[in-house]
Amino acid sequence: MSSNHSLCPDSESVKRLVLEAGAVAVGIADADRLPERETEEYARWIADGCNGAMEYLDRYEEVRSDPRMLLEGARSIVVAAFPYAGSVEMPTKGGLRWARYALGDDYHEVLRRRLEEVAGKMEGDTRVCVDTAPLRERLWAVKAGVGFIGLNNQLIVPRVGSYVLLAEIVTTIHLTPDNPSTGTCIHCGRCLYACPGEALKAMPDGRVRLDARRCLSYLTIERRNDEVINLPKNRIYGCDTCQSVCPHNFEAPLPLPLHEFEPREEILSLTRKDLLSMTQEEFSKIFRHSAIKRVKLSGLKRNASGLEG
Ligand code: SF4
Ligand code: SF4
């Protein structure tokens with residue numbers, strides 16, 4: 001959180017700074033309470049256990065529903081989308097498949113650094129959020145006109161695709177809001193058919209619900225038990241299938257990723273055998289400033305044990 005009195009009072013100047021900081025899309029929304037239908041749907045999702053063991057998603061419900069509780073006097077939210085993959089092809093040398101966002105530097109650190117710099121040039125109080133705050137980032141991205149949510153539950157930026165990471169600046173200054181996105185994906189259904197865990201379920205109201213308990217991103221990253229489960233097609237950490245099959249990622253050349261997100265050779269070249277024999281010292285060195293360290297060495301070894309030998 002910062003407080004300063006300098007340069008940037010108007011929406012266009014703030015958006016220009018965010019784009020100069022590397023975002024491919026940016027928009028602004030008024031920091032209001034979310035509509036009841038969104039909070040009720042979220043409560044049903046939690047009540048049905050779809051968050052698995054991610055108990056933190058069941059905390060701070062009031063804050064999650066009203067971003068003004070994240071920052072006293074908050075009036076606007078600036079939502080930015082940053083690119084992290086230049087193609088849908090999965091680069092791999094060691095035969096393992098890693099979620100694309102995780103192959104470079106930890107996005108929490110990278111995006112916070114970039115947006116803190118912008119926030120430092122804004123008037124009023126600000127709070128930069130990168131994934132960890134109880135903020136419904138994708139809904140705010142829609143409200144800010146940055147993109148729409150596809151049936152794959154991913155935020156899709158028109159003509160850019162879904163290989164983007166979101167970050168926000170909540171601010172006490174009032175900035176002119178953008179029109180919310182009214183777009184939708186083309187509803188081709190490919191993500192539902194291709195999902196290896198059958199984690200995407202069509203609901204009677206036309207929405208598609210993600211059941212984290214069946215999602216390989218959850219099972220390989222967020223799950224906190226030692227049970228070895230079969231992980232199809234060498235997915236060692238995360239899963240990008242519902243993005244890699246989506247036509248919105250083929251519409252136009254994907255934007256170049258931020259240089260910090262370029263895949264690290266030392267991660268790409270790891271094999272299953274390397275992981276099974278890896279020491280804590282090697283793990284700490286290879287995954288320094290990487291989002292993958294979240295799963296710890298024990299989690300990577302558990303996942304490696306579940307891969308086809
Ligand atoms: S990340 Fe993979 S497992 Fe999870 S919903 Fe998408 S395709 Fe299914
Ligand atoms: S794969 Fe098809 S149904 Fe799924 S999000 Fe993309 S356009 Fe929508």
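Positions are given from 1 along the sequence. Both counts, for ligands and for their atoms, begin at 1 and track the order of listing. If you're wondering where the values come from, they're calculated on a predicted model, not measured in any experiment.
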Checking Arg44 against Arg209 for the side chain to side chain contact (heavy atoms under 4.5 Å, CB included) test, could you report, in this order, the C-alpha distance in whole Å, the side-chain angles of both residues, the deciding distance, and whether it holds? CA-CA 11 Å; Arg44 280 195 293 274; Arg209 185 190 246 195; 3.8 Å; yes
Could you tell me whether [X] and [Y] have a side-chain N and a carboxylate O separated by less than 4.0 Å?
{"X": "Glu12", "Y": "Lys15", "result": "yes"}
{"X": "Asp106", "Y": "Lys293", "result": "yes"}
{"X": "Arg33", "Y": "Glu62", "result": "yes"}
{"X": "Arg272", "Y": "Glu308", "result": "no"}
{"X": "Glu265", "Y": "Lys93", "result": "yes"}

Close-contact set for ligand 1 against Thr241 heavy atoms, below 4.0 Å: 7 (S)
By number and element, which atoms of ligand 1 are closer than 4.0 Å to a non-hydrogen atom of Ser217?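 Within the 4.0 Å cut-off of Ser217, ligand 1 contributes 1 (S).
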Please report which non-hydrogen protein atom sits nearest to atom 3 (S) of ligand 1, along with the residue it belongs to and the distance in Å to one decimal place.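 Protein heavy atom at minimum distance: Leu216 N, 3.2 Å.
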Quick test: of every protein heavy atom, which one is nearest to atom 5 (S) of ligand 1, and how far off is it to 0.1 Å?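 Protein heavy atom with the smallest distance to atom 5 (S) of ligand 1: Leu210 CD1, 3.6 Å.
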Would you mind listing which atoms of ligand 2 come within a distance below 4.0 Å of any non-hydrogen atom of [X]?
{"X": "His248", "answer": "7 (S)"}
{"X": "Gly189", "answer": "2 (Fe), 3 (S)"}
{"X": "Ile186", "answer": "7 (S)"}
{"X": "Asn152", "answer": "5 (S)"}

Under a single-linkage definition using a 4.5 Å side-chain heavy-atom cutoff for Ile, Leu, Val, Met, Phe, Trp and Tyr, are Tyr163 and Val130 assigned to the same hydrophobic cluster? yes
Give a yes-or-no answer on whether the side chains of Ser244 and Asn249 include a donor-acceptor pair shorter than 3.5 Å. no
For atom 4 (Fe) of ligand 2, tell me which residue out of Cys188, Cys185, Cys195, Cys191 has the closest non-hydrogen atom.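 Selected option, by shortest heavy-atom distance: Cys191.
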For atom 6 (Fe) of ligand 1, which candidate among Ser244, Cys242, Cys246 provides the closest heavy atom? Cys242
When you measure from atom 6 (Fe) of ligand 1 to the N, O or S atoms of Cys239, does any of those distances fall below 2.8 Å?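 No, Cys239 does not qualify, because none of its backbone or side-chain N, O or S atoms lies under 2.8 Å.
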